[in-house]
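See structure below.
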Amino acid sequence: MINITLPDGSVRQCTPETTAMEIARQISEGLARNVLAALVNDEIWDSFRPLKKDCSLKLLTWDDKEGKYAFWHSSAHLMAEALEALYPGIKFGIGPPIENGFYYDVDFGGKPFTADQLEAVENKMKELTSADNTYSRREVSKKEAIEYFTQKGDQYKLELIEGLEDGQITFYHQGNFTDLCKGPHIPSTGKIKAVKLLNIAGAYWRGDEKNKQLTRIYGITFPKAKELSEYLFMLEEAKKRDHRKLGKELELFMFSDKVGQGLPIWLPRGTMIRERLERYMRKEQTERGYVQVVTPHIGKKDLYVTSGHYEKYGKDSFKPIHTPEEGEEFFLKPMNCPHHCEIYGNKPRSYKELPLRIAEFGTVYRYEQSGELNGLTRVRGFTQDDAHIFCTDDQIKEEFKSVIDLVMEVFIKLGFENYTAQISLRDKTNREKYIGSDSNWDKAEKAISEAALEKGLKTITEYGEAAFYGPKLDFMVKDAIGRSWQLGTIQVDYNLPERFELEYITSENTKARPVMIHRAPFGSLERFIGVLIEHCNGNFPLWLTPDQVAILPISEKYEEFAKNILNYLEKYDIRGLIDNRNEKIGRKIRDAEMKKIPIMLIIGEQEQENNELSVREHRTGDIGKMKPEMFVEYFKNKLI
RNA sequence: GCCGUUGUAGCUCAGUGGUAGAGCACUUCCUUGGUAAGGAAGAGGUCGAGAGUUCAAUUCUCUUCAACGGCUCCA
């Protein structure tokens, strides 16, 4: 007999052949129906695997992340079985569960596979779910595994097996399909009640572009049909708040083939948002002791040779700009820091000047690969709310903490609650690719980690994600469709001050090298606004929105009154427009609602006579009449 | 950059080997209307660009540009 400890602390005795599923059944039939996998000690197991030894056991259902993963992993196998039934002879790469669903990489052997074939696969999968085939696990020797896939002719699986140790290899089987897999899997295919294959895309084998490109098929499944329809509805909703779509509808920005790929053009309404963000940031920075500068959009090749960017990125960036002068080359600036280093080096600096915080809304240009461009979130020309803090070693941590404060202030102001901070450190094994000394790196990495800890940030640490010149702390936010984007960033740099030979005079009248911190709370204004659009679904905070108020006269007769009101509001810094089209009020309201204007002021005979405004709020409706003075008061209160 | 899909009016999209259509938006006129679409008429397209096949190409083929979905990359 063995002892099984359940999460509530109770212990059950049973035979070593007992499975998690049997225990579930002992507890209740309902639970047994919902069990997808089991957490045995700290490993995730199949619910149908004999427990063998004393252990702790947690039953996993759809409500557990691990339960979902087992479910989707099994769904990937199910899709593979369906594909193999429909297209015999195809080869399989990997087929893991992902955050929302699963995929499988398939080699169709040169035959095309297009999206309109997905439905047939989906139908086959549904057929296989109604067969309710059980999943089973089998430990196999490496030899046996190799034999099986050699006979099947699947070179990808063979390659995977090569990397595995004998004795650790398992096969999973359901229906007519056997796969190399470490599991775990759900009990049977019948649990999968709803199937949707979403899209197909190319993916390199093992993520290496030198390898063959396989067809990746993405899908999602659910234990209830209703959950699928809810998910699909959610996807539709997410599409509606896509910043590319809203940006077009609300006339915030555009792209032009003639101007070029990845080069956003800001329309008047979008520019208003940008400028308000800039103004806000400038104010915050001034309060924190930053000084503002302006530098040119180009710089001589020499500048980037000195900074090291030329060597590292010269080949992959925009081609140099040549002048009539023989041999003279300029580059579009990919970063502002070299320019700022020149500002620092403009005169001798004293320790009394440090920390010196140089800020600029600097527009930079980077030649991103064409396939990587995406709306405002990935562009070739963008403006950073950049600043470089030159300070002493001892000041790093304090400066770092103050920047973390600033970033959090910005996120709170704009309603981003769901962000994570990522600490990016060096690759533990390969240190070749980094510039700078080991001791400097160690110091910087320590300062970042401590600052983040002391500020109580929720962080994850990633090794190998550091920039080539220093470790960094990035703030990541998710967009409407769940994609994660980096916004704010703080980076320590021991490298550039050295390359530019920057110095300051210490209190002992000796020379010392400052440390540089790059930081950008928004990151890029483009990306920030892109994510912000999706975050608030185009309903910007009142202080930021392009048009705060729409004045809607009932008819042409009240146009004069409307103008007076607008003039009055402008005196109080309230931005508005008058809709004086020859349309009925219902129509004007509808259009203002569609344009997501936060406040509508409806004025007609009654309002004109009593010098009043009928106030209507976006998405809320009529909230009654007010005197203009009262409205200003009301508006100011809403701003906070 | 690579693979796949797409490209027709300002927007969203039908459609065809015989040089194009809808809804909305736009313009004009009628209507002067009270909280999410008043009515009528009109204008608007080198069918992404270039080349080829054909008597004839927006439609078929190739090239190219761009967008989208991924992969790879990212100072």
Side-chain angles (χ1 to χ4, degrees), chain A residues 93 103 105 112-116 198-218 239 242 244-245 248-249 251 254-262 304 307-314 316-317 333-338 364-375 378-380 384 386 435 465-470 472 481 483 486 489 491 493 495-496 518 520 552-559 581-595 600-607 614-625:
Chain A
Y103 67 79
D105 285 347
F113 183 87
T114 60
D116 35 279
L198 297 162
N199 52 6
I200 59 175
Y204 300 106
W205 169 236
R206 303 206 132 177
D208 188 336
E209 62 182 311
K210 290 183 204 79
N211 287 338
K212 182 160 181 182
Q213 194 154 37
L214 308 177
T215 306
R216 178 168 294 179
I217 305 177
Y218 286 87
K239 269 189 207 158
D242 188 316
R244 295 168 295 196
K245 182 175 145 67
K248 195 180 270 184
E249 283 170 7
E251 296 185 20
M254 61 172 276
F255 288 91
S256 145
D257 283 3
K258 281 205 179 81
V259 171
Q261 213 182 355
Y304 301 106
S307 72
H309 292 115
Y310 180 78
E311 193 194 354
K312 187 130 180 128
Y313 295 102
D316 303 319
S317 61
K333 73 173 169 189
M335 301 192 77
N336 302 301
C337 31
V364 297
Y365 300 88
R366 300 176 186 175
Y367 189 81
E368 306 289 358
Q369 293 188 46
S370 63
E372 192 52 43
L373 301 171
N374 179 289
R378 201 66 198 275
V379 291
R380 284 178 173 167
Q384 297 175 310
D386 210 358
I435 305 177
E465 287 292 310
F468 75 93
Y469 52 78
K472 57 182 180 176
I481 19 189
R483 285 182 292 201
Q486 181 207 308
T489 182
Q491 313 183 357
D493 189 345
N495 174 53
L496 278 185
H518 309 248
L552 313 178
I554 298 281
S555 86
E556 286 162 10
K557 289 184 234 160
Y558 314 106
E559 227 178 290
R581 291 176 303 166
N582 180 7
E583 292 290 350
K584 287 191 174 178
I585 193 66
R587 180 52 180 274
K588 293 182 182 183
I589 287 169
R590 181 185 150 81
D591 288 347
E593 289 280 351
M594 301 289 278
K595 282 199 257 175
M600 285 152 265
L601 299 177
I602 292 140
I603 54 172
E605 196 181 348
Q606 300 158 31
E607 288 78 5
S614 275
V615 183
R616 183 192 161 97
E617 263 182 48
H618 176 51
R619 291 182 299 173
T620 305
D622 190 6
I623 59 165
K625 289 187 170 58

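Note that the coordinates shown come from a computational prediction; the quantities given were computed from them, not determined experimentally. Residue numbers begin at 1 in each chain, while the letters A, B, ... track the order of the sequences.
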Hunt down the Watson-Crick or G-U wobble partner of B/G69, both distances under 3.5 Å, from any strand shown, or write none. B/C3
Between the main-chain N or O of A/Arg581 and the side-chain N or O of A/Lys588, is there a donor-acceptor pair closer than 3.5 Å? yes
Touch class at under 4.0 angstrom, heavy-atom based, for A/Glu607 against every strand present: base
Distance, P atom - from B/C73 to B/U61, rounded to whole angstrom: 35 Å
Can you tell me the base-pairing partner of B/U64? Count Watson-Crick or G-U wobble geometry only, both distances below 3.5 Å, and say none if there is no partner. B/G48
Answer for the Watson-Crick or wobble partner of B/A57, both distances under 3.5 Å, is none
I need the NZ-C1' distance between A/Lys212 and B/C3, as an integer number of Å. 12 Å
OP1, OP2 of B/G33 versus side-chain N and O of A/Ser555: anything below 4.0 Å? no
Would you please determine if the base of B/G70 is stacked by A/Tyr218, with stacking meaning a centroid separation under 5.5 angstrom and planes under 30 degrees? no
Of the candidate nucleotides B/A36, B/C73, B/G34, which contains the atom at the shortest distance from the side chain of A/Arg378? B/C73
Any N/O donor-acceptor pair, A/Glu368 side-chain to B/G1 base, under 3.5 Å: no
Give a yes or no answer on whether the side chain of A/Glu593 reaches the backbone of A/Arg619 with a donor-acceptor pair at less than 3.5 Å. yes
With no angle test and no hydrogens, is the base of B/A36 tied to the side chain of A/Arg619 by a donor-acceptor pair under 3.5 Å? no
Can you check the distance between B/C47 and B/G10, where both ends of the measurement are the P atom (answer in whole Å)? 13 Å
Of the nucleotides B/G70, B/G1, B/A75, which one has an atom closest to the side chain of A/Arg216? B/G70
All heavy atoms of A/Ile602 vs all of A/Ile554, minimum pair found to be CG2-CD1, 3.8 Å
Listed nucleotide nearest any side-chain atom of A/Ala467, set B/A75, B/G1, B/C71: B/A75
Could you check whether atom CD of A/Glu311 has more than 12 heavy atoms from other residues, nucleotides or ligands sitting under 6.0 Å from it? no
Does a side-chain N or O from A/Asn374 land closer than 4.0 Å to OP1 or OP2 of B/G69, or not? yes
Just to be sure I understand the rule, does A/Ile602 reach a base, reach only the sugar-phosphate, or reach nothing, if contact means heavy atoms closer than 4.0 Å? base
Which is true for A/Glu605 with a 4.0 Å heavy-atom rule: it touches a base, it touches only sugar-phosphate, or it touches nothing? base
Please say whether the positively charged group of A/Arg380, taken as NZ for Lys or CZ for Arg, lies over the ring of A/Tyr367, i.e. under 6.0 angstrom from the six-membered ring centre and within 45 degrees of the axis. yes
Would you kindly give the CD1-to-C1' distance between A/Ile200 and B/C68, to the nearest whole Å? 14 Å
What is the distance, rounded to the nearest whole Å, between atom NZ of A/Lys595 and atom P of B/A36? 17 Å
Over how many whole Å does the gap from A/His518 atom NE2 to B/A75 atom C1' extend? 9 Å
Between B/U46 and B/C11, how far apart are the two P atoms, rounded to whole Å? 13 Å
Does one side chain, of A/Glu607 or A/Ser614, offer a donor that lies under 3.5 Å from an acceptor on the other? yes
Considering just the side-chain nitrogens and oxygens of A/Gln261, establish if one lies under 4.0 Å of OP1 or OP2 belonging to B/A67. yes
Span that lies between the P atom of B/U54 and that of B/C71, in whole angstrom: 44 Å
Rounded to the nearest Å, what distance is computed from the CG atom of residue A/Asp493 to the P atom of nucleotide B/A75? 13 Å
Respond yes when some side-chain nitrogen or oxygen of A/Arg581 is under 4.0 Å from OP1 or OP2 of B/U28, and no when none is. no
Rounded to whole Å, the NZ-C1' distance (A/Lys584 to B/G39) equals 9 Å
By the 4.0 Å heavy-atom rule, please label A/Glu583 as base, sugar-phosphate, or nothing. base
What integer distance in Å separates A/Ile589:CD1 from B/A37:P? 9 Å
Within the 4.0 Å heavy-atom criterion, would you say A/Asp622 contacts the bases, only the backbone, or no part of the nucleic acid? base
Sorted by position of nearest nucleotide on RNA chain B, 5' first, the leading residue of A/Gly586 and A/Ile554 is A/Ile554
Taking the nucleotide of RNA chain B with the nearest heavy atom to each, does A/Gly604 or A/Asn199 sit closer to the 5' end? A/Gly604
Please evaluate the base of B/C3 for a donor-acceptor partner in the side chain of A/Tyr204 within a cut-off of under 3.5 Å? no
If you check the A/Pro334 side chain, which of B/A36, B/G70, B/A75 turns out closest? B/A75
Can you list the steps and then say if A/Arg244 with A/Asn374 is a side-chain contact (heavy atoms from CB on, under 4.5 Å)? CA-CA 9 Å; A/Arg244 295 168 295 196; A/Asn374 179 289; 3.3 Å; yes
Quick check against the 3.5 Å criterion: does A/Asn211 have a side-chain atom that pairs as donor or acceptor with the backbone of A/Trp205? yes
Which part of the nucleic acid, if any, lies within contact of A/Gly314, taking any heavy atom under 4.0 Å across all strands shown: a base, the sugar-phosphate backbone alone, or nothing? nothing
Using Watson-Crick geometry (N1-N3 plus N6-O4 or O6-N4) or G-U wobble (N1-O2, O6-N3), each under 3.5 Å, B/A37 is paired with none
Taking the side chain of A/Lys557 as its heavy atoms from C-beta onward, which of B/G1, B/U32, B/G70 lies nearest to it? B/U32
Could you tell me whether A/Ser614 contacts a base, only the sugar-phosphate backbone, or nothing, with contacts defined as non-hydrogen atoms closer than 4.0 Å? base
Closest of B/G70, B/C74, B/A36 to the A/Glu593 side chain is B/A36
Does A/Glu251 have more than 12 heavy atoms from other residues, nucleotides or ligands lying within 6.0 Å of its CD? no
Pairwise P distance for B/U8 and B/C3, with rounding to whole Å: 24 Å
OP1 or OP2 of B/C68 sitting under 4.0 Å from any side-chain N/O of A/Arg244? yes
Pick the P atom in B/A40 and in B/G70, then give their distance to the nearest Å. 44 Å
Sort out the partner of B/A22 for me: Watson-Crick or G-U wobble, both distances under 3.5 Å, none otherwise. B/U12
Rounded to whole Å, how long is the line connecting atom CZ of A/Phe113 with atom C1' of B/U5? 14 Å
In whole angstrom, give me the gap between the C1' atoms of B/A43 and B/C24. 16 Å
Using atom C1' in both nucleotides, what's the gap between B/G7 and B/U12 to the nearest angstrom? 14 Å
Heavy-atom side-chain contact between A/Val379 and A/Glu368 under 4.5 Å: no
Please classify the nucleic acid contact of A/Arg616 as base, sugar-phosphate, or nothing, using heavy-atom distances under 4.0 Å. base
Below 4.0 Å: OP1/OP2 of B/U12 and any side-chain N or O of A/Lys248: yes
